There are 2 protein chains.
Amino acid sequence: MRNIKLLVAYDGSRYHGWERQKQEPTVQQTLEEALGALTGEQARVFASGRTDAGVHALGQVLNFHTRSRHSPETFVRALNAHLPDDVVVRAAEEVASEFHANYDTLRKLYRYVIYDGPTPDPFTRRYAYHSRVHLDTGAMHCCAQALRGTHDFHSFETEWPNRSTSVRTVTYIAAGRAPQWQLWESCTLPGGQNDPKSPGAPEPHFIFLDVQADGFLYNMVRAIAGTLINVGRGFWPQSKVAEVLEAEDRRAAGPTAPAHALFLVRVDY
Amino acid sequence: MRNIKLLVAYDGSRYHGWERQKQEPTVQQTLEEALGALTGEQARVFASGRTDAGVHALGQVLNFHTRSRHSPETFVRALNAHLPDDVVVRAAEEVASEFHANYDTLRKLYRYVIYDGPTPDPFTRRYAYHSRVHLDTGAMHCCAQALRGTHDFHSFETEWPNRSTSVRTVTYIAAGRAPQWQLWESCTLPGGQNDPKSPGAPEPHFIFLDVQADGFLYNMVRAIAGTLINVGRGFWPQSKVAEVLEAEDRRAAGPTAPAHALFLVRVDY
């Protein structure tokens with residue numbers, strides 16, 4: 001049996017998360033059906049981890065075992081031909097038989113996307129959380145650094161059975177404005193009203209909150225996002241984040257921010 | 001009667017274009033219903049021009065007359081509360097009674113968005129045309145300059161009754177890669193595999209084709225896009241664009257590119 005590793009992107013809007021369910025459509029089921037149609041085998045696909053209902057992926061990693069002789073390039077092309085347009089195989093490679101997309105993960109990077117323009121943005125409404133008030137991203141970035149390192153993240157965990165420990169190591173955390181989607185609204189006319197290089201150009205309204213860790217608790221990034229948004233809007237002081245962490249109590253943290261703005265960006269092995 | 005000018009963005013995916021129709025939902029009808037609900041008047045809304053089915057707007061301009069005493073800020077907030085989330089009022093101002101959003105236009109800027117990554121992008125599938133082959137944007141930009149200035153654009157016009165002339169003046173045309181949506185896939189980890197500043201960072205895959213003119217013929221930008229894509233993929237030489245223009249024959253140009261990648265960006269008065 002060959003072992004094939006896939007890099008997959010999906011728009012999670014339509015799915016009830018990654019993991020197969022009896023009734024509702026899931027990404028796992030969608031991929032296993034496309035694989036079955038291509039290879040004639042009843043494939044079982046292993047992911048780096050499940051994503052919840054509505055959560056997206058830019059770089060989910062999977063593996064599956066097959067007797068099929070298709071080249072990795074053929075798997076990419078033929079799977080995309082079988083898949084709906086909200087699930088895309090970006091790359092495929094044959095890997096050692098021991099590789100397991102879930103057991104072998106070293107780190108994962110998630111991104112929470114916030115839009116704080118004064119009016120909603122119709123083109124990113126499925127992929128960004130709209131904050132009606134302007135956020136202080138400098139404050140969000142600074143206080144987020146308290147979460148770096150190895151801590152008990154119980155304050156940022158929605159209760160979930162069978163968790164032996166809520167200690168995790170955050171290797172990277174950053175909040176900042178992303179100029180790119182602002183350009184989306186601009187035009188390239190030199191010196192024009194919306195030229196991003198011109199002096200009167202408006203501040204970008206998209207904020208990326210990136211969190212990389214060796215593992216994530218249930219709803220952890222969304223609870224961190226809800227907490228940092230409370231700081232960014234001036235509702236909580238920056239010192240609050242370290243206090244929330246120390247409390248080891250979910251009630252101390254901010255609300256769980258909505259799922260539709262969360263992306264699994266990258267998995268490292 | 002007051003005269004109110006609105007700046008409006010919409011995701012055209014769900015609409016059969018701007019103009020009111022008997023059966024199908026349109027953006028005009030959606031806005032007039034929201035205005036009616038807010039003011040109690042049977043409002044008639046005038047746009048800078050109609051957009052076709054599936055075409056989006058970042059900066060459509062409208063005006064309407066009203067006896068309502070709401071402030072411009074209230075119009076923005078209250079209309080957005082009444083509108084579905086794919087139509088957004090970005091700004092409102094009270095203008096002189098003579099102002100007419102259609103008759104007074106000086107120039108409009110349209111953008112055609114192309115994605116030429118090797119695999120489709122699930123997050124922009126509604127807003128960009130996917131070219132399966134890599135496009136030479138330098139060649140596209142160069143030969144597009146032949147369209148600048150005052151010409152008979154009959155070759156780029158889908159037949160439309162009651163057009164007295166197909167002479168238009170293109171004041172700006174440019175094709176280039178837009179780095180921003182590439183960043184969307186990247187992470188901010190310094191020196192990381194996807195760090196856009198790192199040496200191995202992949203080339204951006206989004207291409208903006210911006211065309212500004214004093215007026216547009218039916219399907220003009222989409223015919224220009226279809227023609228330039230034929231050059232970009234190496235199917236036609238750069239010299240072909242000037243030949244197509246001179247032919248004054250629609251059959252000489254490339255195909256009409258799909259509507260879902262076209263945006264009305266800005267209207268100047």
Side-chain angles (χ1 to χ4, degrees), chain A residues 7-13 56-59 76-77 80 83-91 109-111 113 117-127 130 171-172 174-176 178-190 192-194 196 204 206 208 210 212 263 265-266 268, chain B residues 7-13 56-59 76-77 80 83-91 109-111 113 117-127 130 171-172 174-176 178-190 192-194 196 204 206 208 210 212 263 265-266 268:
Chain A
L7 182 70
V8 173
Y10 47 83
D11 176 340
S13 311
H56 316 291
L58 296 166
V76 174
R77 211 179 48 244
N80 284 335
L83 286 165
D85 63 0
D86 51 6
V87 180
V88 172
V89 177
R90 294 175 54 195
L109 177 78
Y110 276 95
R111 172 172 296 164
V113 182
T119 54
D121 178 47
F123 304 106
T124 56
R125 66 191 196 275
R126 295 182 184 86
Y127 311 119
H130 184 221
T171 47
Y172 177 83
Q180 54 268 40
W181 275 10
Q182 177 60 30
L183 286 187
W184 173 244
E185 295 203 17
S186 75
C187 68
T188 50
L189 279 171
Q193 196 192 344
N194 284 321
F206 284 97
F208 286 174
D210 285 357
Q212 189 189 51
F263 291 77
V265 174
R266 194 171 103 180
D268 292 338
Chain B
L7 182 70
V8 173
Y10 48 82
D11 176 340
S13 309
H56 315 292
L58 296 166
V76 173
R77 211 179 49 244
N80 284 335
L83 286 165
D85 64 0
D86 51 7
V87 180
V88 171
V89 176
R90 294 175 56 194
L109 177 79
Y110 275 95
R111 172 172 295 164
V113 182
T119 54
D121 178 49
F123 304 105
T124 56
R125 66 190 195 276
R126 295 182 183 86
Y127 311 119
H130 183 221
T171 46
Y172 177 83
Q180 54 268 40
W181 274 10
Q182 178 59 30
L183 286 187
W184 173 244
E185 294 202 18
S186 75
C187 67
T188 51
L189 279 172
Q193 197 191 344
N194 284 322
F206 284 97
F208 287 172
D210 285 357
Q212 189 189 51
F263 291 77
V265 175
R266 194 172 101 181
D268 291 338

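Model, not experiment: these values are computed from the prediction. Below, chain A is the first sequence line, B the second, and so on; all start at residue 1.
Shortest non-hydrogen contact noted between A:N80 and B:P120 is ND2-CD, 4.2 Å. B:P122 and A:V88 get closest at one heavy-atom pair: CD-CG2, 3.8 Å.
Both the backbone and the side chain of A:D11 come within contact range of chain B, judged by heavy atoms closer than 4.5 Å. At a 4.5 Å heavy-atom cutoff, the contact between A:R126 and chain B is made by side-chain atoms alone. With a 4.5 Å cut-off on non-hydrogen atoms, A:V89 touches chain B through its backbone but not through its side chain.
With A:F123 as the partner, the ring-ring contact (aromatic ring centres under 6.0 Å, His included) test is satisfied by one option alone out of B:F123, B:Y127, B:Y10: B:Y127.
Taking CG of B:L83 as the reference point, atom OG1 of A:T119 lies at 11.5 Å (rounded to 0.5 Å).
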